[in-house]
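Worksheet for the structure shown next.
The residues of the chain are indexed from 1 along the displayed sequence. For the numbers below, each heavy atom of this structure counts, side chains included, while hydrogens, waters and symmetry mates do not.
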Amino acid sequence: MSIPVVAIVGRPNVGKSTFFNRVLRQRKAIVDSQEGITRDRVYGETEWEGKRISFIDTGGFIPEDMDVFNAAVREQAKLAMSEADVVVLMVDGRENITSSDQVLAQAVRESGNPHILIVNKCDNMKQDQQIHNFYELGIEPIMPMSALTGRLTGDILEAIGIKLNLKDRKIEANESTDLQLAIIGMPNVGKSSLVNALLRKEQTIVTPIAGTTRDSIDTPLKWYGKNVILIDTAGLRKKSKITEDVEYYSTVRAIRSINQCDVALVLIDAEKGFGKQDRSIVDQVIKAGKGLVIVVNKWDLIEKETNTMAETSETIRNQFPKLNDFPILFISALTKQRVSNILKEAFVVYENLKQVISTNALNTFLEQAVKTRSVPAERGKVIRIKFIKQVSSAPPLFATYANYPKLIPTHYKRFLENQLRKVFNFNGVPIRFSYRKS
């Protein structure tokens with residue numbers, strides 16, 4: 001039996017994301033006093049009565065507003081209700097019923113799914129009386145709660161459990177995740193479009209306006225029997241250009257997503273080319289020790305000749321020589337051109353990231369490398385590299401023992417790394433050496 005799904009819907013600023021974070025016991029959705037922070041569907045899991053429940057946080061529903069964002073938010077809320085086993089409609093107990101509440105209540109009733117009405121911001125027993133103002137919405141049960149303080153959260157979860165018939169549900173086996181794949185890049189390079197292209201559905205909101213995605217959004221995907229978590233992140237700008245708190249928290253979460261993923265796809269805008277901020281993002285991924293695939297998006301907008309792709313790859317690698325060791329793909333998320341290659345390449349890079357080389361194979365490699373090019377003497381000292389072993393993977397770390405480790409020249413260290421990459425195929429992977437005294 002699949003994990004039951006609960007969708008949280010309501011107009012802006014009634015406390016949906018605060019409640020979502022409360023039941024997940026973590027700050028997964030960005031919360032701010034400014035309206036309209038959540039836009040896409042944000043998923044998260046919690047456990048209640050020994051059973052897992054998936055919650056969906058949605059953006060604030062404004063039925064009459066024709067703004068491009070609000071239209072997309074409405075669509076996301078409707079999609080969430082359609083896939084939910086239980087719909088939680090949240091209203092603000094400190095305000096009167098609004099036309100938005102009425103339209104949403106009708107949508108919830110018409111969904112045909114079991115539902116609960118939560119009157120939020122009831123911080124004490126006296127304020128619980130506010131629930132009587134909302135009976136005209138025609139949704140029962142009606143329950144008071146304070147998402148901010150956590151008051152009566154347990155009662156809400158109990159009611160949700162009854163609606164889901166949790167007691168009779170079999171405990172689902174935990175499916176392991178085979179790959180966590182983060183999609184990183186500057187604002188408006190097409191990250192959400194790529195997520196939708198990979199999923200083949202409108203999972204995240206896409207508009208031409210930079211900064212549409214604010215949360216880092218985890219979405220499960222099945223690929224040839226393997227479980228992938230796609231992480232769509234907010235665009236990463238230069239620190240000097242981050243002007244509001246919400247964007248600051250979006251950036252923090254995007255960086256956290258880099259640290260949590262196995263492989264990062266760094267998207268580049270084909271029209272704008274590979275710039276300083278792209279380079280900075282690539283550096284963050286390499287420093288975090290994650291697998292890396294460069295994805296040049298919007299390739300459909302480029303006028304091409306026979307060698308355009310090879311020439312563009314060469315230009316990027318000339319600008320940033322570190323990228324000689326990482327794959328570069330050319331796609332169009334809009335037309336889905338070559339999108340099918342991405343997951344295949346990401347899994348190849350992930351296998352490279354996890355690989356463990358035996359000590360015997362490494363020392364055979366070292367012997368051959370030293371024969372090919374001996375370590376140059378430094379300060380009158382003859383340097384001998386005696387032994388090498390792998391001490392960890394993901395990212396791979398190699399301990400290399402020498403009589404004078406501090407005197408090994410940088411160019412020779414680079415030679416060893418390049419040779420090791422060629423022999424054992426570490427394409428797409430940052431590898432590290434620790435030079436130690438033998």
Using side-chain heavy atoms (C-beta onward) and a distance below 4.5 Å, is [X] in contact with [Y]?
{"X": "Leu104", "Y": "Val91", "value": "no"}
{"X": "Thr153", "Y": "Met145", "value": "yes"}
{"X": "Pro430", "Y": "Lys287", "value": "no"}
{"X": "Val293", "Y": "Val266", "value": "no"}
{"X": "Leu329", "Y": "Val296", "value": "no"}
{"X": "Asp283", "Y": "Lys322", "value": "yes"}
{"X": "Gln277", "Y": "Lys272", "value": "no"}

With rounding to the nearest 0.5 angstrom, report the [atom1] to [atom2] distance, [X] to [Y].
{"X": "Gln180", "Y": "Lys290", "atom1": "CD", "atom2": "NZ", "value": "9.0 Å"}
{"X": "Asp57", "Y": "Met90", "atom1": "CG", "atom2": "CE", "value": "9.0 Å"}
{"X": "Ile183", "Y": "Asn297", "atom1": "CD1", "atom2": "CG", "value": "10.0 Å"}
{"X": "Gln419", "Y": "Phe424", "atom1": "CD", "atom2": "CZ", "value": "11.0 Å"}

Presence of salt bridge, Lys354 and Asp262, under 4.0 angstrom =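 No, no charged N to carboxylate O under 4.0 Å.
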If you measure from the Lys or Arg side-chain nitrogens to the Asp or Glu carboxylate oxygens, is any gap between Glu417 and Lys413 under 4.0 Å?
->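 Lys413 and Glu417: not salt-bridged.
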Within a reach of under 6.0 Å around [atom1] of [X], are more than 12 heavy atoms found that belong to other residues, nucleotides or ligands?
{"X": "Arg432", "atom1": "CZ", "answer": "yes"}
{"X": "Glu367", "atom1": "CD", "answer": "no"}
{"X": "Gln102", "atom1": "CD", "answer": "yes"}

What are the two closest non-hydrogen atoms of [X] and [Y], and how far apart are they?
{"X": "Lys298", "Y": "Val189", "result": "CE-O, 3.7 Å"}
{"X": "Ser111", "Y": "Val108", "result": "OG-O, 2.6 Å"}
{"X": "Leu353", "Y": "Gly289", "result": "CD1-O, 3.8 Å"}
{"X": "Pro327", "Y": "Asn427", "result": "CD-ND2, 3.9 Å"}
{"X": "Leu181", "Y": "Ala346", "result": "CD1-CB, 3.8 Å"}

Any chance the side chains of [X] and [Y] put a donor and an acceptor closer than 3.5 Å?
{"X": "Asp101", "Y": "Thr98", "answer": "yes"}
{"X": "Glu351", "Y": "Gln355", "answer": "no"}
{"X": "Asp300", "Y": "Thr335", "answer": "no"}
{"X": "Ser434", "Y": "Arg436", "answer": "yes"}
{"X": "Asn227", "Y": "Lys222", "answer": "yes"}

For Val14 and Ile118, what are the C-alpha separation, side-chain angles and deciding distance, and is it a side-chain contact (heavy atoms from CB on, under 4.5 Å)?
-> CA-CA 10 Å; Val14 295; Ile118 296 179; over 6 Å; no
Under 3.5 Å, is there a donor-acceptor pair between the side chain of [X] and the main chain of [Y]?
{"X": "Lys163", "Y": "Val87", "value": "no"}
{"X": "Thr46", "Y": "Leu24", "value": "no"}
{"X": "Arg279", "Y": "Phe320", "value": "no"}

Establish, yes or no, whether the cationic atom of [X] lies under 6.0 Å from the six-membered ring centre of [Y] and within 45° of the ring axis.
{"X": "Arg373", "Y": "Phe415", "result": "yes"}
{"X": "Lys406", "Y": "Tyr404", "result": "no"}
{"X": "Arg421", "Y": "Phe326", "result": "yes"}

Please lay out, stage by stage, how Ile160 and Ile116 fare under the test side-chain contact (heavy atoms from CB on, under 4.5 Å).
-> CA-CA 8 Å; Ile160 289 171; Ile116 294 171; 3.7 Å; yes
For Asp178, enumerate each residue passing the side-chain hydrogen bond (donor to acceptor under 3.5 Å, both in side chains) test, keeping only those at least two apart in sequence or located in another chain.
->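 Asp178 satisfies side-chain hydrogen bond (donor to acceptor under 3.5 Å, both in side chains) with no residue once adjacent residues are dropped.
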Does Phe55 have its ring centroid less than 6.0 Å away from the ring centroid of Phe20?
->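 No, too far apart.
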Assess whether side-chain contact (heavy atoms from CB on, under 4.5 Å) is satisfied between Phe433 and Ile388, documenting all intermediate values.
-> CA-CA 10 Å; Phe433 282 79; Ile388 183 172; 4.0 Å; yes
List in chain and number order the residues that pass ring pair (Phe, Tyr, Trp, His ring centres under 6.0 Å) with Phe347, two or more places apart in sequence or in another chain; answer none if no residue qualifies.
->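 Scan of Phe347 (ring pair (Phe, Tyr, Trp, His ring centres under 6.0 Å), adjacent residues dropped) gives Trp223.
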Just say parallel, tilted or perpendicular for the rings of Phe387 and Tyr401, cut-offs at 30° and 60°.
->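 Answer is tilted, since the angle falls between 30° and 60°.
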Could you give me the CA-CA distance, side-chain angles and deciding distance for Leu362 and Leu366, then say whether side-chain contact (heavy atoms from CB on, under 4.5 Å) is met?
-> CA-CA 6 Å; Leu362 282 170; Leu366 179 63; over 6 Å; no
